Amino acid sequence: MTNTRKGKCAKYFEVALYPVIATCLALLVGVIIMLVTGHNPVDAYLALFEGAFGSSVAIAETLSRSTPLFLTGLAVAFAFKCGLFNIGVEGQLHVGAMAAAVVGCYLTGLPAIAHIPLTLLAAAVVAGIWAGVPGYLKARFRTHEVINTIMMNHIAIALVSYLVVHVFRAPGVIPRTSTILPSAQLYRFIEFSRLNIGLFMAMIALYLIYYLLWKTNVGYEIRAVGHNDKAAECAGINVKRNIVMAMVISGMLGGLAGAERIMGLHLSFIQGFSPGYGFEGIAVALLGRNHPLGILFSAILFGALANGGFRMSMATAVPTDLATVIQAVVVFFVAAEQLAKLFIKRRKKGRLAE
Amino acid sequence: PKEDPEPVEEDAKVEEDAKVEEDAKVEEDAKVEEPIRIGIVYSVGGRGDLSFNDAAFVGLERAAKELNIEFTEIEPVEIAKMETSQDFLAQEGYDLVIVVGFLQADALKVVSERYPDTKFAIIDSVVDMPNVASLVFKEHEGSFLVGAAAGLMTESNIVGFMGGMDIPLINKFQAGYEAGVAHVNPDAEVKVVHVATDGSGFRDPARGKELTLIQIADGADVVYHAAGSSGLGLIEAAVEKGVFAIGVDADQNHIAPETVLASMIKRVDVAVFEAIKTVVEDRFEARVHVFGIAEDGVGICGNLGEHASDEVIATIADLKQKIIDGDIVVPDTPK
Amino acid sequence: MNLIERIFDVTIVMVTIRMATPLIIAGIGGMFSERSGVINIALEGKMLFGAFSSVAISYYTGNPWLGAAGAILIGGLIGFLHAVVSIKFNANQVVSGVAINILAIGLTAFLLETFFHVSGTTPTVAKLPVWGGFSPIVYFVAVLVVFSHITLFYTPFGLRLIAAGEHPKALETAGVNVIKIRYLGVIISGCLAGLAGAQLSIGTMSLFVEGMTAGRGFIALAALIFGKWTPLGILGSCLLFGFTDALGMRLAGLGIGLPTQFIQMLPFVVTMIALVSFVGRARPPKAIGMSYQKE
Amino acid sequence: MEQILEMVNIVKTFPGVVANNKVSFEVRKREIHALVGENGAGKTTLMNILYGLYKPDGGDIIIAGEKTSIDSPIVAIEKGIGLVAQHFMLIEPLTVAENIILGLETRKNKIFTDMRKANQKVKELSELYGLEVDPTARIMDISVGVQQRVEILKILYREAQILILDEPTAVLTPQETKELYKVLFSLKEMGKSVVFITHKLNEVMDISDRVTVLRGGKAIGTVNTSETDATQLASMMVGREVLMRVKKEGKKLGEAVLELRKVSAVDSRKLPALKNVSLEIRAGEILGIAGVQGNGQTELVEVLTGLRKATSGEVMLKGDSIINKNSRSIRELRVAHIPEDRNKRGLILDYDVADNLILGPHYKPPFTYRGKRNLQNVWQNARNLIAEFDIRTPSYDTKAETLSGGNQQKIVVARELGGDISLLVVSQPTRGLDIGTIEFIHKRILELRDKGVAILLVSAELTEIMSLSDRIAVMYDGNIVGILQDEEAKEEQIGMMMTGISKVDALRGEESD
Ligand SMILES: Nc1ncnc2c1ncn2[C@@H]1O[C@H](COP(=O)(O)OP(=O)(O)OP(=O)(O)O)[C@@H](O)[C@H]1O
Ligand SMILES: Nc1ncnc2c1ncn2[C@@H]1O[C@H](COP(=O)(O)OP(=O)(O)OP(=O)(O)O)[C@@H](O)[C@H]1O
Ligand SMILES: [Mg+2]
Ligand SMILES: [Mg+2]
């Protein structure tokens, strides 16, 4: 027993070690790119670090950037656990955000303690239904969810664009809804940072999804369907219901991500507010091995790279686009863990030879 | 391609230049060349949009040449980074922080409050703060003039408008254009399309081209756009089909001199330059500065004379005067 | 005039074909990769690389044909990168695809400034000729569809490609190097996606704009699945998509009073309906997404 | 006789297991060499090493006197080695001929696949070796027996000199097995060597020249078949005496548990697969279904277990109609099901052993209380069943995927037989299992019968059907051709009925013989 526990620790250590080494290797590649293009890598990386973790505000802002990614990453991972590739989180995030903006703005006279949960609920429900459609189509007609979620991304963005311009637009030239009521705003608890209690909501979601997947019957069945739907069916599991449910829950998570942006960051639905949180969620989920703990770290990595890279481009002459390139390289290396393994093996061999 | 938009009024420039030299001298006397530091935060997408970001840069570059300033640019890549960017520049002690685009308004409200001693200027939106100058344009007035040109030039009585997205700012262009067409040619029909429902509407020239080709097939023989880089597709389609195109924001005549009838120029560059100058000259005014036809902030430019009769040109000049005089009030939302 | 006649004329046919062209090329590219067992979510990024490199090469050589060839080459190179990371280094294929997409956004913009010293939009370059309203790449699509249909179903390579995506171990036991087949599949996908990008930049237009692919890579991915991983299916689904898109554009011009956002939904909604009503279920290559490693 | 292949001191370890522990093994020209051993003994591993699919941790492979390193199947094929893996290496959407030529395609103009020539060649090969196939049929449309032939043709097409067959008969009907024998003999006549892995000792005695026995990853020894017998082999394999056939008590029939009245159903291609089938099974009785695979047995089982909709008819379980109920509600009525394809239907290979052992009743106490899983109980259940059914696994949290085929099957059996049930529907319960395990499982099934459980047994293994069943129903083309009592059942007669000849005719034919 103790033996396996030790083994598990070692396994976790290894699992954690590879991404660290991979990130280092990627940054090394970044150094080369910067030297070739005539930038000072030391300054650049100092700025990168400063932007990501350099101060409490920087850390808070990094976590703020990561907050939607925890949720979109979870959304993608959850669907994956049921064998579904949800590329539609971006759309679900949009409809969820719009629902949050509307409920946050027009549902008056409620105390925050009621208004916030109701607003979140609205976002989750609307986005859940939105994601449930491709889930239902998959379960009922066996149509591929990848097509339908891609299509529904476009439909969602067109739809919210219509709503924000023609239905719920606040006066003025900006395509956005009115500011949501204070009772629906997520409390910001660090001065000069937009980090808000949405972070805790995301943490709770991470834990709940972990719990749901591994400690409850629902999770057992969803994973069973994901691994082998035929065997699941044979064991009396309702495959179709699980597919729809997995998509709905996935969509709800995406919707919550959108709600957090609206209720904690922008305070109204602004057209184009998402730089692609839903798509980033795909990488976050898979980089995190579809496991909540992994997602926790990969989302922070993405948040740190986004903010640090941006700081780098602001504070040094390194252009934004180069920062983006370095981000891509990091993702490459972290994904290609075999490369890190190769590196470790070489080291080990080298040591043995000594 | 960013051209130096040849200013409408050469004289004004000369005058300005003279003034600048004077100012510079004054300053030299006062202090030894401590350049004014200008920070600029572009809108999402950054430079290369052939629209306000590029125009703002032109103004900035001119200021760098003519005034004693140095500048830093930031492309925020996502809306959430706008606040970070503005904050960064303010914190670094820039004398003037210029923010481009209506999307920055929310962030600026917060940041300008946080840094009451920093001067800010925002393009295309109004932020009511004691340290913010809001520079807004009457795009509809300029669009009215090019609309009139289109209405006068069309033979088929069908003209086209292509917006990047269906959003209020773009709708201002559409409203003015439609009013201009209707004013001179009540029988003419304006066909309206939008490229997309997200930001790609401003950078999808291939789609812009197909949309325009359809408008042309439907009979349009003058097409106007407010679609950033997608508009390049419109011009390409017009070239291919031999109809007139109308450019936007800057003088786009050079892209296809034969085809581009005129352009609706929006002098973001002038606004930016002027804003910088007020800071250099220490006469910054935190209020709404409106740039309409009267202020030469918007207008019609290009080689209209090459393509149009004197009569047309005269009509347009007349309309321009009427707008300045307030005889014509151009609507800023489409019917 | 008869409304139907006004909507369905030669223009709409031509627009349909032109809208569908980049989708078909990229979709068939994706097919080669996915048939070999590698998910290709990176079509978008590969197209962007193709769009950029064709313009850059056309700019420097003045020859758009070289530009198109260069797009194929650079696309292939990016495909190679994708292949190395996902096949050799066993990265999750979707993550490496996402990384390619991010890389494409950053690198094309960066190189744009490096090569052209401008931002956002390149100067105009020599474009491919227009033959009868179409760029030569449009005609190439006809060849491509036939060619890839034959390759997939009538050549040994096609046989191996299918096997690699269905049951790589079976292919290995049949004495074929699975890794090599997968490399080829992914590289071909890069080449074709590159060409699809070139169609946008020097086929339709004569310049490059940052992000000008505007999500077409994802539509191509959907079309590839919709078309059940076959060239003819992809052709059909892209034409359907292109047609409904063109139809929407047409309707917008008719001023039917529907808000533009709803008109723009048309191709997506129609695709979903078509999928449910007459296309039905698609059976993906069995081993898709699974890395293949020898013991 | 000339020795053409030698494996010396082969070592291969997997995490937690030494699959091959200094195994030595040799093959001679023109011999059929049987390789036997319990589930998990390391047979497959050894052959995978020979074929270049696994890299050994130690040991040498000597071919034609020369030390060779086989690091890929390509090398193996070059050296004249061919492998028919137990899990078929066939590509379902491709045709027979396409599968056979894959990797060594016939070409036309150097570019195109010459399918005409390929079909021709496959036809020729199939005639030459007596392996009848339709070259243009798709793999997904042909029976397992034919798929097996395709696999053999595949390696013959590659001109293999040494053919390795990993449990080729596990999925074959008796007739098919006989045909396979003929093929193997003729291959031997042509100078080829065959390595034949099997759990069926009668097959070993029937066709092999020599036998090598593995146990626990070690080679116990190689003997000439003529100098040994099944009993001796069995004890070499298992390390103890094994009963070759279980004893059956007299039956004590109870009430009717399952009744089918004129049940019809269609298969996945929407073709009629069950045609008005009527049956009755009573408590304490085993009804065996004999028949060539693909005559409706699968569909019958699926209809009974709620996995397939019947198009008409009625199914009663202890007086309740269960037709077209879903599988959970049927399971709720104490019906257990051992599906025929453990990998497809029976197991979730990515789940660990413990999670597989609760699949089915997983949602209710003691495994789940109000939605929350009780892992202690899940593990305890696993520990109990692992001990009771002797499942050889490093631990209960090992992924099922890494267990040997036999032990995977034991998981399914343990799970389904473990609970309190009134009807057991079981398909191919011992496919691919070693004799010790078969004995064990047969005993358990009979115990259930004696406890009054009604049992429907579907098996391609006639000996299994005959030794367990109280009554035997023979299926052909979606119909029950006839039902025989245990006492009147003779292998030949059943065999005839399996080809569609009615019971009366079959009995008559027998007499006239
Ligand atoms: N890839 C693998 N990873 C981990 N363990 C493995 C792997 N392959 C085989 N094993 C283990 O090695 C041992 C030998 O397995 P092998 O498949 O060779 O047995 P076998 O003799 O073929 O058994 P069976 O008759 O059940 O097929 C088993 O304990 C099995 O679980
Ligand atoms: N790559 C692998 N990873 C993990 N386990 C493996 C792998 N390859 C084989 N195994 C396991 O090793 C065992 C032997 O493999 P194989 O598929 O040949 O079993 P088998 O011989 O068919 O079993 P049986 O003969 O009992 O039916 C199986 O349990 C299989 O699951
Ligand atoms: Mg840029
Ligand atoms: Mg085996």
Side-chain angles (χ1 to χ4, degrees), chain B residues 1-2 42 45-51 53-54 57 73 75 77 158 160 162-163 165-166 170 189-220 228-233 235-237 239-241 254-256, chain C residues 1 6-7 9-12 14-19 21-22 51 105-106 109 112-113 116-124 127 130 133 197 199-201 203-216 242 245-255 259-265:
Chain B
K2 281 179 307 293
Y42 294 114
R47 272 176 43 206
D49 64 344
L50 305 183
S51 183
N53 290 315
D54 278 350
F57 176 72
E73 308 165 276
E75 288 186 10
V77 301
I158 300 175
M162 181 174 86
M165 284 169 86
D166 175 19
I170 298 304
E189 180 195 347
V190 182
K191 290 189 177 293
V192 177
V193 287
H194 295 95
V195 181
T197 54
D198 62 7
S200 73
F202 295 102
R203 45 169 196 276
D204 192 347
R207 193 176 170 82
K209 182 176 174 187
E210 298 301 343
L211 283 162
T212 308
L213 285 172
I214 287 203
Q215 286 198 332
I216 295 171
D218 283 342
S229 304
S230 301
L232 295 172
I235 295 173
E236 181 106 10
V239 170
E240 230 172 81
K241 294 291 169 192
H254 66 100
I255 297 173
Chain C
M1 209 197 294
R6 278 188 62 191
I7 295 176
D9 59 2
V10 73
T11 310
I12 203 166
M14 293 184 73
V15 174
T16 298
I17 291 172
R18 282 190 303 252
M19 293 298 286
T21 294
I105 293 167
L112 185 63
E113 307 219 10
F116 296 96
H117 308 290
V118 295
S119 160
T121 309
T122 63
T124 311
K127 65 179 284 194
V130 179
Q199 161 66 9
L200 291 176
S201 64
T204 306
M205 294 297 302
S206 49
L207 42 75
F208 172 81
V209 175
E210 265 179 41
M212 74 187 297
T213 44
R216 286 179 178 83
D245 203 2
L247 189 65
M249 296 178 181
R250 205 36 173 321
L251 292 178
L254 289 178
T260 169
Q261 289 88 355
F262 289 99
I263 287 174
Q264 302 225 347
M265 286 178 200

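Throughout, protein chains are lettered first and strands after them, A, B, ... in sequence-line order, and every chain is numbered starting at 1. No experiment lies behind these values; they were computed from the predicted model shown.
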Original post:
Taking all atoms of both residues into account, what is the closest heavy-atom pair of B:A206 and C:L200, and its distance?
Top reply: CB-CD2, 3.7 Å
**OP:** Could you tell me which of B:S200, B:G163, B:G233, B:A196 has the largest number of non-hydrogen atom pairs under 4.5 Å with chain C?
**Re:** B:A196
**OP:** Let me know if C:S206 has heavy atoms under 4.5 Å from chain B in its side chain, its backbone, both or neither.
**Re:** both
Subject >> Side-chain heavy-atom pair C:E113, B:R47 within 4.5 angstrom cut-off >> reply: no
Subject >> Step-by-step side-chain contact (heavy atoms from CB on, under 4.5 Å) determination, C:I263 to B:H194 >> reply: CA-CA 10 Å; C:I263 287 174; B:H194 295 95; over 6 Å; no
Original post:
Taking atom NZ of B:K209 and atom CE of C:M205, what is their separation to the nearest 0.5 Å?
Top reply: 7.0 Å
Original post:
Who among B:L211, B:V193, B:I216 has the most heavy-atom pairs with chain C under 4.5 Å?
Top reply: B:L211
Original post:
Within a strict 4.5 Å, meaning less than it, do heavy atoms of the B:D218 and C:R250 side chains meet?
Top reply: yes
Subject >> Among the listed options B:D49, B:N53, B:T197, the residue most often paired with chain C at heavy-atom distances under 4.5 Å >> reply: B:T197
Subject >> Largest heavy-atom contact set with chain C, pairs under 4.5 Å, which of B:G160, B:A217, B:P205, B:S229 >> reply: B:P205
Original post:
How many angstroms lie between OG1 in C:T16 and CD in B:E210, if you round to the nearest 0.5 Å?
Top reply: 9.5 Å
Original post:
So how far is it from B:I214 CD1 to C:L247 CG, rounded to the nearest 0.5 Å?
Top reply: 8.5 Å
Original post:
C:T124 versus B:E236: any side-chain heavy-atom pair under 4.5 Å?
Top reply: no
**OP:** Could you have a look at C:G215, C:G211, C:A252 and say which one has the most heavy-atom pairs with chain B under 4.5 angstrom?
**Re:** C:G211
Original post:
Can you say whether B:Q215 sits under 4.5 Å from chain C via the side chain, the backbone, both, or neither, judging by heavy atoms?
Top reply: neither
**OP:** Could you tell me which non-hydrogen atom of C:T121 sits nearest to which non-hydrogen atom of B:G48, and how far apart they are?
**Re:** OG1-O, 2.9 Å
Original post:
So what's closer than 4.5 Å to chain C heavy atoms on B:V195: side chain, backbone, both or neither?
Top reply: backbone
**OP:** Heavy-atom pairs under 4.5 Å with chain B are the metric here; pick the option from C:Q199, C:M265, C:Q264 that has the most.
**Re:** C:Q264
Original post:
Between C:R18 and B:E240, is the closest basic N to carboxylate O distance under 4.0 Å?
Top reply: no
Original post:
Which is it for C:D245 and B:R207 under the side-chain contact (heavy atoms from CB on, under 4.5 Å) test, yes or no, and what are the steps along the way?
Top reply: CA-CA 10 Å; C:D245 203 2; B:R207 193 176 170 82; 2.8 Å; yes
Original post:
At their closest point, which heavy atom of C:Q261 faces which heavy atom of B:D166, and how far apart are they?
Top reply: NE2-OD2, 3.1 Å
